[in-house]
Amino acid sequence: SLPRRCRQRPWEKRILCRERKINLKNYEYFNVKITYLAILSAIQTILYLLASNSVLHIKGMLLPYFIFLFLSAMSGSSIGLLLSALFKDNDSATSIMPYILIPQIIFAGAVINFSDMNPNIKINKHREVPEFCDLISSRWLFEGLAVSQTQSNYYDKNVKKITNEIKNCRDNQTRNLLYSELNKFSSENPKELFINKQLNNWNFIQNGKALNNHKYIYMSSSRTLIGKKIPLSLFNALYVLFLLIITSILTLLALKKIKD
């Protein structure tokens with residue numbers, strides 16, 4: 001999304017100037033643009049997931065994957081639109097793009113572990129994630145998607161459901177049927193097809209640290225918002241939406257300064 005959108009406004013400058021003459025407001029122009037990109041991103045994301053999930057045999061993760069990949073596409077589009085509004089020509093917008101894109105890759109937490117980074121880049125030395133990474137949307141998207149994979153995958157979700165039914169069941173005959181159902185499900189759905197062992201171990205360790213320290217730890221399963229614990233995937237999705245709103249406001253301010 002980012003490379004294409006950063007060249008958006010230079011292509012449409014004539015249209016923008018023409019529509020201003022008929023009193024079209026900047027926010028109206030931006031709303032139409034972002035709505036079109038949202039619809040396009042949603043269609044692309046769904047098509048990608050339908051193809052990839054069937055090939056990779058991924059079950060029960062369509063909604064979490066869609067949410068985070070869609071937010072990823074919208075983040076790229078919003079940053080690209082901001083760059084296009086700040087620069088007058090394609091070359092200027094394109095030349096700055098690597099300085100925006102590369103940090104999104106390096107500081108997401110997927111390529112390089114935050115624990116392996118130089119501690120001097122942190123203000124708080126005891127903090128696992130450097131403070132400036134909180135402004136990088138890919139850091140929240142990767143963490144949210146990774147935790148969703150450990151908490152909402154098809155295998156664990158169904159095993160937990162049947163296990164809870166067994167715990168709450170008082171009838172021995174029904175309990176035996178549930179045990180048979182659990183064994184049948186486990187034999188028909190090998191655990192290795194649905195679980196990333198490395199992510200699961202990482203999430204388990206971080207949950208233990210969070211429990212012992214009574215605070216949020218990177219890659220743990222929950223966060224506190226307004227005094228209430230909520231799933232980390234929900235918190236991260238809301239945070240990325242917040243970043244999208246900030247980027248949109250900056251884009252509108254940049255559009256306002258564009259002269260006919």
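Between the side chain of S41 and the backbone N or O of A38 there is no donor-acceptor pair closer than 3.5 Å. In this structure a side-chain-to-backbone donor-acceptor pair under 3.5 Å is missing from T174 to R170. Under the 3.5 Å distance criterion, the side-chain polar atoms of S54 are matched with a main-chain donor or acceptor of A51. Under a 3.5 Å cut-off, the side chain of N176 and the backbone N or O of N172 do form a donor-acceptor pair. Looking at K122, its side chain never comes within 3.5 Å of a backbone N or O of V129 through a donor-acceptor pair.
Atom CD of E128 is separated from atom OG of S115 by 6.5 Å, given to the nearest 0.5 angstrom. A distance of 9.5 Å separates CD1 in I217 from CG in N212, rounded to the nearest 0.5 Å. Considering CD of E165 and CG of L177, their distance stands at 11.5 Å, rounded to 0.5 Å. Expressed to the nearest 0.5 Å, how far CD1 of I67 lies from CG of L63 amounts to 4.0 Å. Within the model, atoms CG of N236 and CZ of F142 stand 11.5 Å from one another, a figure rounded to the nearest 0.5 Å. The line from NZ of K160 to CG of N158 is 11.5 Å long, rounded to the nearest 0.5 Å.
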Pair up each side-chain donor or acceptor in residues 238-255 with any protein partner under 3.5 Å, not counting sequence neighbours, and list the distances.
| residue | atom | partner | partner atom | Å |
| --- | --- | --- | --- | --- |
| Y239 | OH | D134 | O | 3.2 |
| T247 | OG1 | L243 | O | 2.8 |
| S248 | OG | L244 | O | 2.8 |
| T251 | OG1 | T247 | O | 2.8 |

List, one per line, each side-chain donor-acceptor pair under 3.5 Å for residues 227-235, sequence neighbours excluded.
none

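Taking I166 as the reference, I162, R175, L178, Y179, L182 meet the side chain to side chain contact (heavy atoms under 4.5 Å, CB included) condition, with sequence neighbours excluded. Applying the side chain to side chain contact (heavy atoms under 4.5 Å, CB included) rule to N124 yields the partners H126, R127, E131; only residues at least two apart in sequence or on another chain are considered. Annotation: side chain to side chain donor-acceptor pair (under 3.5 Å) contacts of D156 (sequence neighbours excluded): N153. Listed by chain and number, the residues in a side chain to side chain contact (heavy atoms under 4.5 Å, CB included) with L199 are A146, Q149, T150, N196, W202, M219 (sequence neighbours excluded). Looking at residues two or more places apart in sequence or on another chain, you find no side chain to side chain donor-acceptor pair (under 3.5 Å) involving N168. Checked against side chain to side chain contact (heavy atoms under 4.5 Å, CB included), T45 has the following partners two or more places apart in sequence or in another chain: L49, F66, L69, F70. F132 meets the ring-ring contact (aromatic ring centres under 6.0 Å, His included) test with F107; sequence neighbours excluded.
L81 has its side chain within reach of L37: a pair of non-hydrogen atoms, C-beta onward, lies under 4.5 Å apart. Side-chain contact check for I34 versus M74: some heavy-atom pair is nearer than 4.5 Å. Within the 4.5 Å cutoff, side-chain heavy atoms of I58 are placed close to those of M61.
In the hydrophobic clustering of ILVMFWY residues, with side-chain heavy atoms under 4.5 Å counting as a link, L62 and I46 come out together. I105 and L135 fall into different hydrophobic clusters, where Ile, Leu, Val, Met, Phe, Trp and Tyr side chains are chained together by heavy-atom contacts under 4.5 Å. F68 and L40 fall within the same hydrophobic cluster, defined by Ile, Leu, Val, Met, Phe, Trp and Tyr side-chain heavy atoms under 4.5 Å apart, directly or through other members. Note on M117 and I123: separate hydrophobic clusters, where clusters join Ile, Leu, Val, Met, Phe, Trp and Tyr whose side-chain heavy atoms are under 4.5 Å apart, directly or indirectly. Hydrophobic cluster membership differs between V147 and I205, with clusters built from Ile, Leu, Val, Met, Phe, Trp and Tyr side chains linked at under 4.5 angstrom.
Taking a 4.5 Å side-chain heavy-atom cut-off between Ile, Leu, Val, Met, Phe, Trp and Tyr, the cluster of I43 extends to I39, L47.
Counting only residues at least two apart or on different chains, the side-chain hydrogen bond (donor to acceptor under 3.5 Å, both in side chains) pairs with a member in residues 217-227 are Q151-S221, N203-S221, N207-S221. For the ring pair (Phe, Tyr, Trp, His ring centres under 6.0 Å) condition, the pairs that include at least one residue of residues 150-173, sequence neighbours left out, are Y154-F185, Y154-F194, Y155-F185.
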Derivation and outcome, side chain to side chain contact (heavy atoms under 4.5 Å, CB included), residues I112 and I106: CA-CA 6 Å; I112 303 175; I106 294 177; 3.8 Å; yes
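Within a 6.0 Å radius of NZ in K125, other residues, nucleotides and ligands contribute more than 12 heavy atoms. The local environment of CD in E188 is crowded, with over 12 non-hydrogen atoms from other residues, nucleotides or ligands closer than 6.0 Å.
Taking every heavy atom of both residues into account, W140 and C133 meet most closely at NE1-O, 4.2 Å.
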